[in-house]
Amino acid sequence: MSAPDRLGRVRESDNFQGTLDILRRRWLIIAAVVVASVVIGVARHERAAKSYASSASVTFQSGTLSDAALQVSPSSSIEPVREAATEVLIAHSPEVASAVATQLHLSASPTELLDLVSVEAAENADVLKIEAVTSDPHYSARLANAFAQQYIAFKTRSQLAGITAAQNQLQQQIVALPAGSSSRVALEQSQQRLSELRAVAGGSANIIGLATPASQPKGPSTSTTVIISLLIGLAIAFLLVFLLESLDRRIRSIEEFEREYRLPALTAVPQAGFLTGRADTRREMLEPFRILRSALDFTAVTQELNTLLVTSAVSGEGKTTTAVDLSHVVALAGRHVVLVELDLRRPSFAAHFDIDPRNGLTTALAHGTPLSELLVEPFSDLPHFSVLPAGHLPHNPSELLGSPRVAEVIAELAASGALVIMDAPPLNPVADTQVLLNKSMIHGLILVARLFQTTRDEVRRARAILDRRMVEPVGLVVTGLQDAGRYGYGAYEPAAGAADVDLDGPDESSSGSSARSSGSTRPRLPIER
């Protein structure tokens with residue numbers, strides 16, 4: 001298979017998976033709209049006034065009896081469509097409706113009766129279909145039959161009137177002619193034929209189908225209504241979902257973050273990992289950050305990563321928690337790590353550690369206090385995990401972070417062989433992090449992105465900022481993962497009764513003693529080069 005074909009199949013698979021993701025997220029809306037549509041449709045069907053239709057069929061004949069008796073070819077015989085339209089108007093005329101009201105002893109006006117009855121002509125036959133629709137099936141049948149009968153009666157009266165008029169005209173012509181003349185004899189024969197046709201007047205129109213009471217109301221059945229309502233509900237639901245998806249700019253999948261940032265996702269952090277505040281209470285939720293540590297180990301083979309900046313596009317995406325827990329797992333693996341708080345606007349290390357946030361980075365910058373006096377060890381069991389808080393908040397954080405002194409502080413911390421992880425402000429709202437991204441002492445950048453919160457526009461602005469800076473991003477940490485089971489978290493937990501294993505070997509200076517030496521060192525991660 002060629003590369004374009006493979007790419008096309010991948011895109012089709014992505015589109016199909018994206019559609020399934022949308023349906024999985026919006027299934028409740030779809031179900032609610034469909035159920036509401038079916039309920040409303042059935043309720044309207046049940047509450048709607050029932051109407052019953054009955055129809056009678058009547059044949060009609062073009063031309064008149066007087067024309068036939070006189071052997072005259074009517075001009076209308078060559079226009080059957082016009083003749084049929086004329087018969088429809090006759091059957092649906094006020095004269096016929098008035099006669100129906102008299103026949104059925106109805107108090108309704110001819111106009112009201114005409115509203116209940118419709119007449120149409122068959123396409124390829126001289127047949128009229130007279131249909132009556134009312135709320136009573138028996139009344140509908142009576143009304144349709146009455147209209148058919150009165151239409152025939154009207155036709156009969158019209159034909160008799162035509163015969164009488166023709167006879168009177170012939171009589172006048174006969175009187176004016178001499179007795180025994182051939183013309184008079186012909187006219188007398190025509191008059192005789194007209195007299196004979198009186199007996200069959202009305203025979204040109206006949207009822208060929210009487211109306212009978214309908215057993216079912218007119219319109220769709222309940223099952224048909226359910227199907228139609230279901231289809232309408234699905235159409236409305238999908239339209240609503242399309243509008244919601246178009247208006248909602250939030251990113252909902254790891255794959256979409258990777259496409260927008262053009263970076264690989266190094267790990268995904270379940271939402272449960274952010275429910276507790278203190279870092280020492282999250283030790284059971286550090287597995288995603290161990291995965292992140294392993295990914296950084298692999299990257300460190302080809303790229304120096306002694307200083308690592310952690311940021312995000314906007315606030316609230318979990319960058320501080322990511323920086324804290326990543327530092328924690330690196331320290332647990334045995335490497336010396338220094339966590340630096342570079343967020344000089346909204347520092348939050350005090351929410352993660354039991355430390356005094358008043359002395360820190362700004363203290364070293366403003367007063368020249370040695371870093372050794374400002375570094376604190378938040379965990380007594382991890383002596384090579386140090387934290388440098390932000391200190392007192394300055395009025396000019398961007399200028400302060402862009403000063404050469406900050407670069408010297410970071411370089412000094414990295415010179416000790418420690419991995420320096422820096423928690424920086426978000427990229428989009430302020431310029432603080434942007435001034436740091438052009439400093440050579442920062443080796444790598446980790447972007448934190450939160451599902452169902454970060455929008456595409458925010459991601460694209462952040463990506464544009466990164467494209468103009470020198471520091472190359474290493475990858476993404478996606479937080480806010482709600483379906484953690486989809487990524488396997490929680491499916492491979494330690495067995496019951498598992499205990500921590502000390503990474504320090506036994507004190508070799510004590511024969512046979514397994515006690516840990518206070519001056520022992522821990523093995524370092526492969527990330528250290």
Side-chain angles (χ1 to χ4, degrees), residues 296 299-300 302-313 319-320 322-324 326-327 330-331 335-349 355 357-376 384-448 462 465-475 527-529:
L296 294 176
T299 304
T302 57
Q303 178 182 347
E304 186 178 10
L305 285 181
N306 289 329
T307 56
L308 198 59
L309 192 71
V310 181
T311 185
S312 59
K319 63 177 183 60
T320 301
T322 298
V324 168
L326 174 60
S327 302
V330 171
R335 182 173 182 182
H336 186 199
V337 59
V338 178
L339 178 61
V340 182
E341 188 169 32
L342 294 184
D343 193 342
L344 303 183
R345 296 176 185 265
R346 295 181 180 177
S348 57
F349 276 12
I355 59 176
R358 293 173 296 178
N359 295 318
L361 176 63
T362 57
T363 307
L365 299 178
H367 305 292
T369 305
L371 295 177
S372 59
E373 299 179 10
L374 300 173
L375 292 172
V376 296
H384 37 256
F385 181 19
S386 303
V387 176
L388 181 62
H392 291 284
L393 302 186
H395 297 290
N396 55 343
S398 296
E399 290 76 14
L400 193 63
L401 292 175
S403 65
R405 179 57 183 148
V406 171
E408 294 173 1
V409 169
I410 297 174
E412 180 180 347
L413 293 173
S416 64
L419 173 63
V420 181
I421 299 177
M422 294 159 281
D423 174 35
L427 285 169
N428 291 348
V430 293
D432 300 9
T433 302
Q434 299 182 34
V435 302
L436 294 170
L437 294 180
N438 285 329
K439 296 185 179 297
S440 59
M441 81 290 184
I442 297 179
H443 299 155
L445 171 71
I446 290 180
L447 272 167
V448 180
I465 292 173
L466 295 175
D467 289 339
R468 298 191 298 266
R469 297 299 184 270
M470 184 176 66
V471 177
E472 185 68 23
V474 177
I527 194 173
E528 183 179 357
R529 304 296 178 201

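What you see below is based on every heavy atom in this structure, not just the backbone, and it leaves out hydrogens, waters and symmetry mates.
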Check your understanding: Under the side-chain contact (heavy atoms from CB on, under 4.5 Å) criterion, do Val448 and Thr311 qualify, and how do the steps go?
Key -> CA-CA 6 Å; Val448 180; Thr311 185; over 6 Å; no

Side chain to side chain contact (heavy atoms under 4.5 Å, CB included) with [X]: which residues, sequence neighbours excluded?
| X | answer |
| --- | --- |
| Arg346 | Ser315, Asp343 |
| His367 | Thr363, Thr369 |
| Pro370 | Ser372, Glu373 |
| Ala462 | Tyr261, Ala313, Leu427, Asn428 |

Using every non-hydrogen atom in the two residues, find where [X] and [Y] come nearest and quote the distance to one decimal.
| X | Y | result |
| --- | --- | --- |
| Leu308 | Leu305 | CD1-CD2, 4.0 Å |
| Arg345 | Ser398 | NH2-OG, 3.4 Å |
| Ser348 | Thr320 | OG-CG2, 3.3 Å |
| Ile355 | Val387 | CD1-CG1, 4.2 Å |
| Lys439 | Ala407 | CD-CB, 4.4 Å |
| Phe385 | Ala331 | CB-CB, 3.7 Å |

Any side-chain heavy-atom pair from [X] and [Y] closer than 4.5 angstrom?
| X | Y | result |
| --- | --- | --- |
| Lys319 | Asp423 | yes |
| Leu296 | Ile446 | yes |
| Leu339 | Val324 | yes |
| Leu436 | Ile442 | yes |

**Study point:** From CD1 (Ile421) to OG1 (Thr322), nearest 0.5 Å
**Key:** 10.5 Å

Revision key, fill the gap. Taken in chain and number order and not counting sequence neighbours, the residues that satisfy salt bridge (charged side-chain N to carboxylate O under 4.0 Å, His left out) with Glu408 are Arg405

Taking distance alone, no hydrogens or angles, what donor-acceptor pairs closer than 3.5 Å link side-chain atoms of residues 468-475 to residues at least two apart or in another chain?
{"from": "Arg468", "atom 1": "NH1", "to": "Ala464", "atom 2": "O", "distance (Å)": "3.4"}
{"from": "Arg469", "atom 1": "NE", "to": "Gln434", "atom 2": "O", "distance (Å)": "3.3"}
{"from": "Arg469", "atom 1": "NH2", "to": "Gln434", "atom 2": "OE1", "distance (Å)": "2.9"}

Point to revise | Residues Thr307, Met422; criterion side-chain contact (heavy atoms from CB on, under 4.5 Å); working and verdict | key: CA-CA 8 Å; Thr307 56; Met422 294 159 281; 3.9 Å; yes

